[in-house]
Chemist: 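Dropping the structure in here first, questions after.
So you know, we letter chains A, B, ... as the sequences are listed, proteins then strands, and number each from 1. This structure is a prediction, so every number in the text was calculated from the model and none was measured.
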Amino acid sequence: MTQIAEVIVDVPTMQTNTPYSYEIPAALVDQLQPGMRVVVPFGNGGRKVQGFVWQIKTDATPDPEVTLKAIETVMDPAPVVNAELMQLSGWLANTTYAFTITCLQTMLPNALKAKYQKWVSPTDQLPADIRTRLFGEQKKLLWDDTLSTEIVKQLLALNRQHLINVHYEVSSKSQVKTMMMVKPITSHENLMTARTQLRKTAVKQAELIDYLMDHPEPISQIELERKINVSSSILKTGEANGWLTRKAVEVYRDPFQTAVVKTQPLHLNPDQTKAVSAICAATDQEKPETFLLEGVTGSGKTEVYLQTIANALSHGKQALMLVPEISLTPQIVGRVRGRFGQKVAVLHSGLSGGERFDEWRRIQRGEAQVVVGARSAVFAPLTHLGVIVVDEEHESSYKQDDNPRYHARDVALWRARYHHCPVVLGSATPSLESRARAEKNVYTRLLLPNRVNHQQLPDVTIVDMTEELRHHKESNFSGSLLQALKERLDRGEQSLLMLNRRGYSSFVMCRDCGFVLQCPNCDISLTLHMDTKTMKCHYCGHEEPIPHVCPSCHGHHIRYYGTGTQKVEQELTELLPDARVIRMDVDTTRRKGAHERLLKQFGDHKADILLGTQMIAKGLDFPDVTLVGVLNADTALGLPDFRASERTFQLLTQVSGRAGRAEKAGQVFIQTYNPDHYAIQLAKTQNYEQFFVREMQLRHRGNYPPYYFAVKLTASDVDERQAAEAMVKIVRQLKTVLSPQAIVLGPTPGAIARVNKRYYYQLVIKYKREPKLDAALFNILGQAQKQSRGGLQIAIDRNPMSFM
DNA sequence: AGCACGCCGACT
DNA sequence: GTCGGCGTGCTC
């Protein structure tokens with residue numbers, strides 16, 4: 001009886017978003033398992049694609065109408081996707097309106113993605129002159145988009161005449177790292193003889209032989225090169241002459257540059273103890289309970305995580321800890337590794353493709369029991385989860401902003417149900433969604449109201465910048481903040497300064513005619529970058545020189561407006577010439593490891609002031625920081641988004657917590673143009689509860705989440721009319737299936753109507769229960785696929801993080 | 001996605 | 001009359 005494999009092919013379209021059946025060749029019958037990658041023929045051109053075995057049917061009754069093709073090869077000796085993750089990929093695809101293949105690929109390290117190559121080779125019939133012209137001495141030619149259209153035309157014609165063969169190659173990008181090991185091969189005497197036969201001038205060779213005679217044990221080539229300063233060519237000569245052998249040995253790349261000091265569990269206060277025992281009880285009883293761990297900054301949430309993880313490990317189970325990418329600092333990773341040592345695997349975007357793949361393989365082989373990582377680490381192939389931690393659960397970076405548009409918190413909850421284990425959602429400022437669920441007892445609320453060691457909350461001052469403007473000249477620094485900075489300098493203490501960059505940047509404007517330099521591809525002003533002395537577009541990367549003459553009126557009064565970190569830094573050095581400042585923003589942290597280096601410098605007191613964007617608000621803990629200044633608290637408040645207040649409150653609370661974490665009292669200055677706004681006033685007292693109540697009322701009144709569900713649809717096209725028309729059509733279609741209770745906002749042009757030469761239109765649907773909505777949305781995607789050749793793209797985002 | 005098939009304009 | 005342009009539909 002023939003066995004049939006259902007395969008999800010690597011062709012991300014709506015029409016192919018279903019398993020395809022393939023015959024399993026006899027040789028593979030015992031070998032093939034669901035979750036393995038295979039190469040299958042697909043389409044009538046002899047094309048080959050990668051696919052994932054979805055299911056194997058042993059009792060298959062083959063449909064006589066269709067003749068099945070057979071699986072070509074298996075790419076893995078064992079499944080790369082286990083049963084749980086296969087199931088998860090199906091759920092993901094359904095809830096995010098993404099293709100199953102896209103979901104599978106998202107769950108795996110990039111190294112396992114397919115690499116496709118197309119080759120052509122001549123047949124015997126191909127005339128010799130054409131053959132030499134196209135192929136030269138080569139047997140085959142790579143057919144990719146580097147070939148000129150002229151050559152492609154010729155190849156197409158030759159293929160029609162069957163004078164050339166086309167074949168496809170599918171391979172994995174994965175690369176197992178190897179290290180070259182060198183081992184002396186011949187006996188001492190042979191080396192001696194070789195030594196005497198060398199010419200006098202062969203100094204390096206002599207040196208090598210001397211070393212080999214003294215050290216018969218294998219050594220890595222890199223180390224050998226360092227030790228006796230020989231180049232690899234000398235070693236190759238040595239290999240050719242039979243003095244040594246070289247062999248590639250598989251090694252893991254080590255992403256941890258530094259060793260960590262082993263730490264012991266800390267003593268818990270009563271609130272922490274209560275939280276730890278509640279979570280441990282759920283682990284022990286295999287109860288998929290969700291806890292909302294609410295604790296002010298400095299209340300010892302991390303210690304609660306670590307002790308619940310330790311409990312899971314002691315029962316032979318594993319743990320997953322998610323942290324926002326931005327706070328995946330050595331400080332946090334160091335604390336986890338300090339407690340659990342080699343059992344820890346770390347997954348974050350700072351790793352190279354290869355390092356990521358190695359960490360993933362360690363997890364898959366069961367060599368790591370604890371995984372710490374950012375969003376995509378939620379797919380770590382752990383098989384015995386005992387607890388999942390989502391730290392800073394309110395962070396919007398847990399939501400992926402392209403397909404599949406999943407929220408790591410939701411995936412964590414799914415996996416917890418699968419593994420029958422608890423989830424801990426931790427935050428000082430929980431998302432309204434989570435806090436509301438705790439209110440309804442869907443989640444169990446755990447409180448850590450006190451800071452450990454009874455530290456006081458910092459003293460927060462709100463500075464009204466409109467008032468400030470009236471009395472002083474325009475500046476980024478109010479008199480009181482500047483005074484406080486000076487005091488810190490005198491006392492040798494450190495300060496953090498945060499510039500809220502969201503919706504704010506420095507641009508160039510002509511004072512005579514008001515002209516603002518715009519991106520030619522996007523509807524947005526270009527941002528000034530002093531380091532490269534250029535104007536850049538933050539959306540498409542367009543770059544051009546800084547104008548000195550207004551391109552519109554040719555006037556010379558062209559000036560810079562707005563505030564970037566670079567400009568603030570400049571002002572700071574003028575106001576406080578003695579202060580040593582470290583600036584941290586996307587520009588200074590782009591290079592790998594720069595982030596860590598700057599933080600270490602600050603931690604080592606190499607600077608007095610750390611100036612940065614949002615990235616300095618999270619998870620940093622410097623004992624000598626006694627002052628935190630927020631230069632512009634309210635830039636996010638101006639955005640037309642239902643989460644603007646929530647974001648502002650979270651950010652201000654977060655950054656205030658950075659002040660005075662040790663014995664020294666902390667002071668915080670929040671500069672704002674909206675001193676009376678409730679998000680700012682309540683952040684001053686860190687009053688989350690009152691903020692929650694107040695914000696929930698507003699959400700209720702506006703029919704916003706968490707009272708309503710929301711779906712955001714975006715249409716984009718190079719032709720503005722196409723995008724708009726598509727949206728209108730979609731609205732009309734949706735209205736036929738939606739109940740009268742559903743609220744449709746839009747369609748409206750995107751907040752930035754044009755990005756990268758594409759026009760955006762969007763639509764938000766708010767609803768409580770719409771049984772027909774899902775099917776209608778899938779239908780819309782299917783139709784859009786047909787039009788996609790015209791350039792139209794439709795994106796669907798369920799539970800969007802913003803309506804913008 | 002990428003390939004073949006198929007139907008219309010400008011060449012030998 | 002054919003070559004090759006791209007619009008359309010299908011891929012186990």
Chemist: At under 4.0 Å between heavy atoms, what does A:Phe42 touch on the DNA or RNA strands: base, sugar-phosphate, or nothing?
Modeler: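 Here A:Phe42 touches the bases of the nucleic acid.
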
Chemist: To the nearest Å, give me how far apart CG (A:Asn159) and P (B:dC5) are.
Modeler: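 One finds 11 Å between P of B:dC5 and CG of A:Asn159, rounded.
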
Chemist: Heavy atoms from C-beta onward define the side chain here; which of B:dA1, C:dC12, B:dC3 lies closest to that of A:Lys118?
Modeler: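 In terms of side-chain proximity for A:Lys118, the closest of B:dA1, C:dC12, B:dC3 is B:dC3.
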
Chemist: What do the steps show when you test A:Glu359 against A:Arg356 for salt bridge (charged side-chain N to carboxylate O under 4.0 Å, His left out), and what is the final call?
Modeler: CA-CA 5 Å; A:Glu359 287 294 272; A:Arg356 192 166 242 284; over 6 Å; no

Chemist: Using the test side-chain contact (heavy atoms from CB on, under 4.5 Å), find all partners of A:Ala724 that sit at least two apart in sequence or belong to another chain.
Modeler: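 Result, side-chain contact (heavy atoms from CB on, under 4.5 Å) vs A:Ala724: A:Tyr761.
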
Chemist: Calculate the interatomic distance between A:His167 atom NE2 and B:dC3 atom C1'; express it in whole Å.
Modeler: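 Answer to the nearest Å: 18 Å.
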
Chemist: Without decimals, in angstroms, what is the distance between A:Gln50 CD and B:dA1 P?
Modeler: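 For the pair A:Gln50 CD and B:dA1 P, the rounded distance is 17 Å.
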
Chemist: Return no unless some side-chain N or O of A:Tyr116 is found under 4.0 Å from OP1 or OP2 of B:dA1.
Modeler: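 For A:Tyr116, the contact criterion (side-chain N or O under 4.0 Å from OP1 or OP2 of B:dA1) is not met.
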
Chemist: Suppose we screen for side chain to side chain donor-acceptor pair (under 3.5 Å). Which residues come up paired with A:Gln15, at least two apart in sequence or across chains?
Modeler: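 Testing A:Gln15 for side chain to side chain donor-acceptor pair (under 3.5 Å), a comparison that skips the adjacent residues, returns none.
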
Chemist: Near DNA chain C, counting only heavy atoms under 4.0 Å, which residues of residues 24-31 of chain A show up?
Modeler: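 Output list: empty, so none.
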
Chemist: Quickly work out the A:Met14 CE to B:dA1 P distance and round it to whole Å.
Modeler: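 That distance rounds to 14 Å.
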
Chemist: May I have the step-by-step check of salt bridge (charged side-chain N to carboxylate O under 4.0 Å, His left out) for A:Arg643 and A:Glu433, ending in yes or no?
Modeler: CA-CA 11 Å; A:Arg643 253 184 252 270; A:Glu433 284 87 342; 3.0 Å; yes

Chemist: Please produce a list of atom pairs where a protein N or O lies less than 3.5 Å from an N or O of nucleotides 6-12 of chain B.
Modeler:
none

Chemist: Please report, rounded to the nearest Å, how far the C1' atom of C:dC12 is from the NZ atom of A:Lys48.
Modeler: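 Roughly 16 Å, once rounded to whole Å.
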
Chemist: Quick one: which residue pairs count as a salt bridge (Lys or Arg N to Asp or Glu O under 4.0 Å) with a foot in residues 95-109 of chain A, not counting sequence neighbours?
Modeler: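 Of all non-adjacent pairs touching residues 95-109 of chain A, none passes salt bridge (Lys or Arg N to Asp or Glu O under 4.0 Å).
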
Chemist: Between the main-chain N or O of A:Arg758 and the side-chain N or O of A:Ser716, is there a donor-acceptor pair closer than 3.5 Å?
Modeler: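 Side chain of A:Ser716 to backbone of A:Arg758, a donor-acceptor pair under 3.5 Å: no, none is there.
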
Chemist: If you take all heavy atoms of A:Ile71 and A:Pro25, which pair is closest and at what distance?
Modeler: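 Here A:Ile71 and A:Pro25 meet closest at O-CG, 3.4 Å.
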
Chemist: Show the distances under 3.5 angstrom between N or O atoms of the protein and N or O atoms of nucleotides 1-7 of chain C.
Modeler:
residue : atom : partner  : partner atom : Å
C:dG4   : OP2  : A:Arg160 : NH2          : 3.4

Chemist: Look at the aromatic rings of A:Phe42 and A:Tyr20 and report parallel, tilted or perpendicular, splitting at 30° and 60°.
Modeler: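 If you compare the ring of A:Phe42 with that of A:Tyr20, the planes turn out perpendicular.
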
Chemist: I need the CG-P distance between A:Asn17 and B:dA1, as an integer number of Å.
Modeler: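 It works out to 13 Å between those atoms.
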
Chemist: Heavy-atom nearest nucleotide on DNA chain B for A:Arg47 versus A:Asn44: which residue maps closer to 5'?
Modeler: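 By nearest-heavy-atom nucleotide position, the 5'-most residue is A:Arg47.
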
Chemist: For A:Asn403 and A:Thr96, run side chain to side chain contact (heavy atoms under 4.5 Å, CB included): C-alpha distance rounded to whole Å, both residues' side-chain angles, the deciding distance at 0.1 Å, then the answer.
Modeler: CA-CA 8 Å; A:Asn403 288 329; A:Thr96 64; over 6 Å; no

Chemist: Quick one: does any side-chain atom of A:Gln105 pair with a main-chain N or O of A:Ala114 as donor and acceptor, under 3.5 Å?
Modeler: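 Side chain of A:Gln105 to backbone of A:Ala114: no pair is present.
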
Chemist: Atom CD of A:Gln15 and atom C1' of B:dG2: how far apart are they, to the nearest Å?
Modeler: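 Between C1' of B:dG2 and CD of A:Gln15: 12 Å.
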
Chemist: In this structure, how many angstroms lie between the P atom of C:dC10 and the OH atom of A:Tyr20, rounded?
Modeler: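 One finds 11 Å between P of C:dC10 and OH of A:Tyr20, rounded.
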
Chemist: Does A:Pro19 reach a base, just sugar-phosphate, or nothing at all? Heavy atoms under 4.0 Å.
Modeler: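 The answer is nothing, as A:Pro19 stays clear of every strand by at least 4.0 Å.
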
Chemist: For the pair A:Phe379 and A:Tyr406, name the ring-plane relationship: parallel under 30°, tilted 30 to 60°, perpendicular over 60°.
Modeler: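 The arrangement is perpendicular - the two ring planes meet at more than 60°.
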
Chemist: Which is it for A:Ile765 and A:Leu713 under the side chain to side chain contact (heavy atoms under 4.5 Å, CB included) test, yes or no, and what are the steps along the way?
Modeler: CA-CA 8 Å; A:Ile765 302 156; A:Leu713 285 95; 3.8 Å; yes

